[in-house]
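Let me begin by presenting the structure, written as structure tokens, before commenting on it.
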Amino acid sequence: MLCNNAEMVDGVCYGTPTEKALLSCAERLGCLRLRSHYTRLQEWPFSSETKFMMVKCSDGQRNITHYIKGALERVLEKCNSFYYYGVQSSLEESTRLRLIRDSADLGNAGLRTLALASSANGTSFTFLGLVGIIDPPRQGVVEAIETLSICGVKVKMITGDSSETATTIAKELGIHRPGDISLSGSELEAMDLRSLQNVIDRVSVFYRTSPKHKTVIVNCLQQRGLIVGMTGDGVNDAIALKSAEIGIAMGKTGTDVSKEAADIILVDDQFTSLIAAIEEGRGIFHNIRNFVRFQLSTSIAALTLIAMSTLAGLPNPLNAMQILWINILMDGPPAQSLGVEPVDHDLIRMPPRKVKENIINSTLIYNVVLSAAIIVAGTLFIFWREMNDNQITPRDTTMTFTCFVFFDMFNAMACRSQTKSVFHIGLFSNRVFLLAVGGSLLGQLLVIYFPPLQAVFQTEALFLSDLIFLLCLTSSVFVVSEIRKFVLRRGKSPRYPSSGKASPVIPDWSNVV
């Protein structure tokens, strides 16, 4: 009650979770009212190095008493006696061992243990007792860790708690598994970097650690070629947060220093928010790849179309205004809308990509070349079919121009996902895409049928049968893409799961921790 900075105001407790629990315990024991009878004269705040907090208090009658709470091993170092049924007795070695066993029993039950002691002179303390505090995992944490494990993220616990408490909680959360080991802060300091690197893959729990140990752990993991995300909330965590590739600070309980050093701030302090962050990050990466695929395929198709016509000695199938129309208004809005494609929730179940993997990989190049080849072949076919008299007429350019635009729209639809059918992700799930494609098609119809624009783009009105024929032809780029995705899903590649279930392939831990 006295060695405590928490406050009780109108039945509501304010402070750190540990001190709030102790103050609530004092209230239930009915002794909270005695707090007003004491005056704090001095405080030695808790630190990760000392692992205890101590205060010097006066009871109003010039009686000075020191009160201390902290880790059992640090408090026992200062004690030479203990209370037993109101009698102060000498603290023998057998009693010390019994207290250590009692603390271990509480820790094995998943309780955080604190030792309590007092002293009249601040040097020779009398051991008063142990308190066990239950710190249950927040809702959804177990499921979040399981999901992270599936998607290739290995979670390691770094805590100041005892070995028994840390290991028990880690087992409950699914962090500590058969074959994993635990490492204390003192053992960590005694090891050189090479020795730590040899065992760190099997270490799931670091206990009795201080913030400086976090930096050592981060550096060791990075030298193993891993990408490290580090969470922290204290001033001393700033260096580790800055050293990690992804520093994650707590928005509610975190200090301003930790927030400044971090890359991400969890405004709700919920571990489960990391799942959403990883999912969103992967979604952004895949949307960028879809955007690049669409832009490259249409640009390469346009360049190839002009180049092949020139090499074959044919007239230019598209005039300058039509090319500008395609590049600015036909490609722009659909491409931008691919960047806001809703996140595919199956992405979280995929293993992490290679750290050095580029956005433009062999698979993307294959898809780009395939789509561009279909667009060029179909557009040249229309151009050759219409130009049967070797003379370029407005109808010839209009048919070729419209054919290329329709190919663009179907290609954009095919680029919404690299692995899933458009019918699976939903035709109407991306409203921005629908507006972009709809606006582009409306603009194209205006170019064909609105007289002022006909004069600018040198087009003429087409028959309904022409539009139906072009739609059937240009949909081939979409149909081929759907067939490719279907074959890919049938192959059951672990990188492209075809259902919401986790891939049976064991994730590769070599990329992300």
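Computation of the quantities below employed the complete heavy-atom set of this structure, encompassing side-chain atoms and omitting hydrogens, waters and symmetry-equivalent molecules.
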| query | Would a 4.5 Å heavy-atom cut-off, applied to side chains only, mark Tyr366 and Arg484 as touching? | reply | yes
| task | Could you check if a side-chain atom of Phe486 sits within less than 4.5 angstrom of a side-chain atom of Ser421, using non-hydrogen atoms only? | result | no
| query | Partners of Ile359 by side chain to side chain contact (heavy atoms under 4.5 Å, CB included), sequence neighbours excluded? | reply | Phe285, Ile288, Arg289, Val292
| Heavy-atom pair with the smallest gap, counting every atom of Leu305 and Pro317 | CG-CG, 4.0 Å
| query | Within a strict 4.5 Å, meaning less than it, do heavy atoms of the Val343 and His286 side chains meet? | reply | no
| Any chance NZ of Lys242 has more than 12 other-residue heavy atoms, nucleotides or ligands included, within less than 6.0 Å? | no
| task | Check for a donor-acceptor pair, side chain of Thr474 on one end and backbone N or O of Leu470 on the other, with a separation under 3.5 Å. | result | yes
| Pair Glu245-Gln222, side-chain donor/acceptor within less than 3.5 Å | yes
| query | Can a salt bridge be assigned to the pair Lys420 and Glu482 using a cut-off of 4.0 Å between side-chain N and carboxylate O? | reply | no
| Between the side chain of Asp180 and the main-chain N/O of Arg177, is any donor-acceptor distance below 3.5 Å? | yes
| Has the side chain of Ser297 got a donor or acceptor atom that lies under 3.5 Å from a matching backbone atom of Arg293? | yes
| request: Could you tell me whether a side-chain N or O of Asn411 sits under 3.5 Å from a main-chain N or O of Phe407, the two making a donor and an acceptor? | output: no
| query | Checking side chain to side chain contact (heavy atoms under 4.5 Å, CB included) for the pair Gln444/Trp325: CA distance, chi angles, key distance, verdict? | reply | CA-CA 9 Å; Gln444 183 64 21; Trp325 177 262; 3.1 Å; yes
| task | Kindly say whether Ser337 contributes a backbone atom to a donor-acceptor pair with the side chain of Asn430 at under 3.5 angstrom? | result | yes
| Is a side-chain N or O of Thr255 found less than 3.5 angstrom from the main chain of Asp233, in a donor-acceptor match? | yes
| Criterion side-chain hydrogen bond (donor to acceptor under 3.5 Å, both in side chains) on Thr400 and Thr397, from CA distance to verdict | CA-CA 5 Å; Thr400 306; Thr397 57; over 6 Å; no
| task | Dump the intermediate steps for side chain to side chain contact (heavy atoms under 4.5 Å, CB included) on Ile360 and Ile365, then the final yes or no. | result | CA-CA 7 Å; Ile360 302 177; Ile365 294 174; 3.8 Å; yes
| field | Axial cation check for Phe469 ring with Arg385, 6.0 Å and 45° limits | value | yes
| task | Would you check, one step at a time, whether the test side chain to side chain contact (heavy atoms under 4.5 Å, CB included) holds for Phe406 with Leu467? | result | CA-CA 9 Å; Phe406 283 3; Leu467 296 179; 4.2 Å; yes
| task | Walk me through it: do Leu462 and Met399 pass the test side chain to side chain contact (heavy atoms under 4.5 Å, CB included)? | result | CA-CA 8 Å; Leu462 299 178; Met399 285 289 288; 3.8 Å; yes
| query | Side-chain contact, heavy-atom cut-off 4.5 Å: Phe206 with Leu188? | reply | yes
| Do side-chain atoms of Thr165 reach the backbone of Asp161 as a donor and acceptor pair under 3.5 angstrom? | no
| field | Under 3.5 Å: donor-acceptor pair, side chain of Lys154, backbone of Leu148 | value | no
| said: Between Ser204 and His176, is there a side-chain donor-acceptor contact under 3.5 Å, judged purely by atom types and distance? | reply: yes
| task | Look at Asp268 together with Lys252 and state whether they make a salt bridge at an N to O cut-off of under 4.0 Å. | result | no
| request: May I ask you to say whether Asp237 pairs ionically with Lys214, meaning some side-chain N is under 4.0 Å from a carboxylate O? | output: yes
| message | Please determine whether the number of non-hydrogen atoms from other residues, nucleotides or ligands lying under 6.0 Å from atom CE of Met308 exceeds 12. | response | no
| query | For residues Gln223 and Gln197, is any side-chain donor paired with an opposing acceptor at under 3.5 Å? | reply | yes
| query | Heavy-atom count around Glu146 CD within 6.0 Å, excluding the residue itself: above 12? | reply | no
| query | Is the number of heavy atoms from other residues, nucleotides or ligands within 6.0 Å of NZ (Lys171) greater than 12? | reply | no
| said: Hydrogens and angles aside, do Ser186 and Ser184 bring a side-chain donor and acceptor to less than 3.5 Å of each other? | reply: yes
| field | Test item: Asn361 side-chain N/O and Asn358 main-chain N/O as donor-acceptor pair under 3.5 Å | value | no
| query | Hey, are the side chains of Lys212 and Glu189 touching, using non-hydrogen atoms and a 4.5 Å cut-off? | reply | yes
| said: Using the side-chain contact (heavy atoms from CB on, under 4.5 Å) definition, which of the options Met230, Lys259, Glu260 pairs with Leu241? | reply: Met230
| message | Taking CG in Leu473 as the centre, count heavy atoms belonging to other residues, nucleotides or ligands within less than 6.0 Å. Is the count above 12? | response | yes
| Heavy-atom distance under 4.5 Å between the side chains of Phe401 and Ile448, does that happen here? | no
| Do Asp396 and Thr393 get their side chains close enough for a donor-acceptor pair, meaning under 3.5 Å? | yes
| Yes or no on salt bridge (Lys or Arg N to Asp or Glu O under 4.0 Å) for Arg416 and Glu341, after CA distance, side-chain angles and deciding distance? | CA-CA 7 Å; Arg416 288 184 59 192; Glu341 185 73 27; 2.7 Å; yes
| query | Is there side-chain contact between Met191 and Leu183, with heavy atoms separated by less than 4.5 Å? | reply | yes
| note | Taking every heavy atom of Gln454 against every heavy atom of Ala461, the minimum-distance pair comes out as NE2-N, 3.4 Å
| query | Does Ile246 reach the side chain of Val228, with side-chain heavy atoms less than 4.5 Å apart? | reply | no
| field | Asp269 side chain to Thr253 backbone, donor-acceptor under 3.5 Å | value | yes
